[in-house]
Structure formats: structure tokens, C-alpha cells
Amino acid sequence: MTKYKRITGMRDVLFDDQPYWRFILNQIQKTVDLFGYRRIDTPVLEQAGLFIRGVGEGTDIVEKEMYLFDDRDGDQLALRPEFTAGIMRAYVENGLHTLPTPLRVWTTGPLFRHERPQAGRYRQHTQFDIEVIGEQDPAVDVEVINLAWHLFTNLGFFGLRLYINSTGCPNCKPAYIQKLVEYFSAHKDTLPPDDQMRLQKNPLRILDSKEAATQPLLANAPRITDHLCDECDNHFSRLKTYLQALERPFTVDYKIVRGLDYYTKTVFEIKADGLGSQDTICGGGRYDGLIQELGGRPTPGIGFGSGIERYVIALKHLGIEPPAEPLPRVTVSYLGEAAKKVAIKLAETLHGAGIGAQFTPGDRSFKAQLKAANRLGASFAIILGDDEIQAGQATVRNLNDSSQTAVNLADLPDWLAERL
RNA sequence: GUGGCUAUGGCUCAAUGGUAGAGCACCUGGUUGUGGCCCAGGAGGUUGUGGGUUCGAGCCCCACUAGCCACCCCA
């Protein structure tokens, strides 16, 4: 038993998983380049107030999931629980509104939420995040959704489902919530305790309830899409039109309620198979009031967050193999101290020639060095001993067919390059 | 925060309440300078932690901790 253990909900990503991560990050890079999004990186730590203000005081994230602590200066800091607030802070703070509008950005990195871990949920997890700032046209909503879909298709996912909804705006949302409260209050006695609490605290959540007793009530519950103001209704219908134009299948799911206060109008989720109970692989929406809330001028925005750990789970479940890691295909072994010095130099000569090579250290038996070459999966083992040094040559053993060739040291880079 | 299940070498797992084992992986040897396969050997454990029952606990009981899964909620 080792003395130190991982912090709850945090994981080591070991070598078997790294090819998945490399594959995923490569596909992400290709996708954002294709769509013309630019990378932005913001700090992992922010003033706690940014999230309290941005994400919303009553949200679960702020209320019970944030990693909070006091800096040595006495400032209250938070490990970022999501990307959007920090990126919007950076947008306002750096005057990015002077760049061409809309501003399309992406990022990736760790986020932290103090939740109980389970399949597809970790206290430190990694998201791929997209934001488009400064444009209210639903065509960018569609672009953002499509970017995610495009990526997932390139990753090889199948069985994807897109769900969309509108969550209204400050003009129509409160009136709808009022209607919802009235409806469920009339049936209060049939509501299970959990949903009674939701009715008090966050009525929208009842729509998402899994309580059996509540299901019959949901069928006749007022739907937000019937209570949108003209502007929101128009936005939502154009969104659907553009999605149809793109020929992306979607389902309007009036139950989608995102957990952050800043969402307005469009909200959406993409779900995938093989993820257990946490099957949302991408979730996002529009936040037209957030930048103003954070002290900027009124600026619309839309984006999504997408959990990369969940990609890995889905890829494995779907049986999608990422490309193997490009390990060195040449080892440099030696016999004796004199040869060792030549071998050290030779390994670096090969690196300089762009040939992946690995020195086999430790003065272990020659047998052990060859064994190491085999375990690495190398194609060639270069052998240097007194005989070779005298002749200015190396013995090159082909590990696939066990043939051996003497090659002049000076010719070795070219000789190998031709055969790898 | 709540519930269910679990906890034995690095990994996967054995061990009627009576001396903790195997396979894989690792190291060494079987070759004076030759890998894979095979053979032999070696190292590696205070059985998650702390209590209790018992002549005796890896095994039974309690608590704690951690992990997994689910709820809440979310990516």
C-alpha cells in the first residue's frame, strides 16, 4: 500500500488511455481549424465571485460543487467549474470586442466540481469548449451545434442524438415559470417529496424528474415553447429551419433545462451510447445576458462544453481503436564502456536525423538489452561492441526476421531511413 | 448530501475460522555478444484502517476510509 493516494474523483491517465486522448485532441484541432475557431486559454483559478455572479448563486455548481479556498492574500479563489464565465471575463478584460465580430474561440483543459464520482463523472474532468461571441443570428447556434456533430462523426461515433429546446429570455421565462408553478401547485398532493422540493427551489427541474408519480402530470404540463415571446419564438423557429437546411436530425425536448443561470433562448444536448447513466457528451446554449452581467457591453453569445473523459468511454464502448502511439523503432545497445560512449552519441545522431531511437541503459546483460528492444516493439536493434567500434561499423539486427547486417556508422541514418 | 455493492503482491483473482497462493508483469540464470517460445530461480503482502468475538480471524461482527455504480445534478 502506498502512503499517498489519488484525491477522490481524480484520475491518472495511463499509457493505455493516452492514444485515445491523442486521437481526440488531434481531431479537435482539425475541426476547430476547419471551422476557423481560435484558441484561448484562461487560468484555472479565478476570483470566486466571477462564477458566483456568472453561473448563478442558486445553481448546484456554485452552491455545492465549487472548489473554494482563500489565497494567502485573503482573496477568495475558485478552481474553475466551467469555462464560459472565465472566457467572458477575458473577453471583457482584454477588450476583445474590438476584434472582428463574431469572435469564435475554443479551449480545452481541466475543470473542477466537487461531486460524488460515478461513471463518466469526475471531480477533475476535461472539457472541449467552444464559444461564439457577438452574434445573435440562430445560424451561429446551428454552426456551433454542427461543429460538435462534425467532430463526433469524425471520431467515429454513431448512435448520436441531438436534443434542442428554448429556455426563453428574461422577457418570457419568468411568466412561463409562473405558469409551471401554478400547474404543479394544483397537483401538489400527488407530487413526490423530491419534486415538491423542486417546485420550491427550481420548478423547471420538475420537467426532468424521473419520479414515476410525476410522469402522468408531465404530459399535460405547460411547455415553454408555447409561451415564448415573439423574439424567442422567432429565434427558435429559425433555428429549427436552419437545422433542417443542414439536414441534421434533431428532437425538440422541452424537458432540457440547463443547470446554469445564464442560459437564454437556445439550449441543446448531444447524447451518445455506452456511457452509463451520464450519457450527455455535449451540452450548451446561448447566454445573451452574461457579458453584460459581467460588466461588458450587451453582447450575445453561444457555446458548449463537452466532456473528453466521456469521449474516451464512448470510443472504448463502440470498439473504436485510436492510432497507436509512434514509439521508436530502433534501439541502440552496447557491450562494454567504450562502446557505451559511442552508443550514447549514436542515439542522438539518429534523433538528429529524425529517426526514433532509444538507448538501452543500465549496463544490463546484452540479452536484457535485446529483450528491452523486443518489448518496445522495435524493428531494428543496433549493436555496438569492441569489434564494431574497431571497424567503424554497427551490427544492425532486424528484429522481425532476425537477420543481421554490418553498416558503417556514417551510413547508418540513411540506411535506417530507407528501411523504416 | 443519500443508497447499493466491493476492498488479498504492480494487475486479475484463489485460500471449509487453523502455516497467505496462482497466473500475468518485473528481475536473474539456462549463451564468451543475441529478443520472442520454453525451463529454472528471485524479488514483491503488517490481507484498506481501527476496534470486537474467538484458543486462533484474510474469512464472523462494528466503525471508519477508499473505490465502483446509482440518486441529486451534470460534461
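Order of the sequence lines fixes the chain letters, A, B, ..., with proteins taken first and strands second; residue numbering starts at 1 for each chain.
Remark: the separation of the C1' atoms in rU53(B) and rG17(B) is 12 Å, to the nearest Å. When the P atom is used for both rG50(B) and rA66(B), the distance is 16 Å, rounded to whole Å. Taking atom P on both nucleotides, rC59(B) is separated from rA14(B) by 16 Å, rounded to a whole Å. Look at the P atom in both rU16(B) and rC60(B): the space between them is 11 Å, to the nearest Å. Taking atom C1' in both rU49(B) and rG1(B), one finds a spacing of 24 Å when rounded to whole Å. Taking the P atom of each, rG36(B) and rC13(B) are spaced 29 Å apart, rounded to whole Å. If you take atom C1' in rU46(B) and the same atom in rA25(B), they sit 24 Å apart, rounded to whole Å.
In this structure, the side chain of D288(A) engages the main chain of G301(A) through a donor-acceptor pair within 3.5 Å. Side chain of Y262(A) to backbone of A85(A): no donor-acceptor contact under 3.5 angstrom is found.
For rU34(B), the base has a donor-acceptor partner in the side chain of Q404(A) [N/O atoms by modelled type, under 3.5 angstrom].
What separates CG of D279(A) from C1' of rA70(B) is a distance of 14 Å, to the nearest Å. Distance R397(A) CZ to rU34(B) C1': 5 Å, rounded to the nearest Å. We find that CG of N398(A) is positioned 16 Å from P of rG36(B), with the value rounded to whole Å.
Residue contacts for L335(A): at a heavy-atom cut-off of 4.0 Å it reaches a base atom on one of the strands shown. As judged by a 4.0 angstrom heavy-atom cut-off over every strand, D208(A) is placed among residues making no nucleic acid contact. At the heavy-atom level, G9(A) lies under 4.0 Å from the strands shown only through sugar-phosphate atoms. Residue R198(A) is classed as a sugar-phosphate contact, given heavy-atom separations below 4.0 Å to backbone atoms only. Counting any heavy atom pair closer than 4.0 Å across all strands shown, A373(A) reaches no nucleic acid atom. Here E388(A) lies in heavy-atom contact (under 4.0 Å) with a base. Counting any heavy atom pair closer than 4.0 Å across all strands shown, Y122(A) reaches a base atom. Nucleic acid contact class of R205(A) (heavy atoms, under 4.0 Å, all strands): sugar-phosphate only. As judged by a 4.0 angstrom heavy-atom cut-off over every strand, S333(A) is placed among residues making no nucleic acid contact. Across all strands shown, I61(A) has no heavy atoms under 4.0 Å from either base or sugar-phosphate atoms.
Between G276(A) and A372(A), the residue anchored nearer the 5' end of RNA chain B, judged by the nucleotide with its closest heavy atom, is A372(A).
Neither OP1 nor OP2 of rC69(B) sits under 4.0 Å from any side-chain N or O of Q118(A).
The listed nucleotides are rC69(B), rG30(B), rU28(B); the one nearest the side chain of K367(A) is rG30(B).
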Any N/O pairs under 3.5 Å between the protein and nucleotides 2-6 of chain B? List them or say none.
residue: rU2(B); atom: O4; partner: R116(A); partner atom: NH1; Å: 3.1
residue: rG3(B); atom: O6; partner: R116(A); partner atom: NH2; Å: 3.4

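Under the Watson-Crick or G-U wobble criterion, with both distances below 3.5 Å, rG23(B) is paired with rC11(B).
Salt-bridge formation is not detected for the pair E309(A)/R11(A): no Lys NZ or Arg NE/NH1/NH2 atom is positioned less than 4.0 Å from an Asp or Glu carboxylate oxygen. The residues D17(A) and K316(A) are annotated as salt-bridged, a charged nitrogen and a carboxylate oxygen being separated by less than 4.0 angstrom. A salt bridge between D33(A) and K30(A) is absent, with no side-chain N of the basic residue lying under 4.0 Å from a carboxylate O of the acidic one.
Applying the side-chain hydrogen bond (donor to acceptor under 3.5 Å, both in side chains) test to residues at least two apart or on different chains, the pairs with a partner in residues 334-359 of chain A are Y334(A)-D363(A), K340(A)-D363(A), E348(A)-H351(A).
Summarising the local packing, CG of D16(A) is surrounded by 12 or fewer heavy atoms from other residues, nucleotides or ligands at distances under 6.0 Å.
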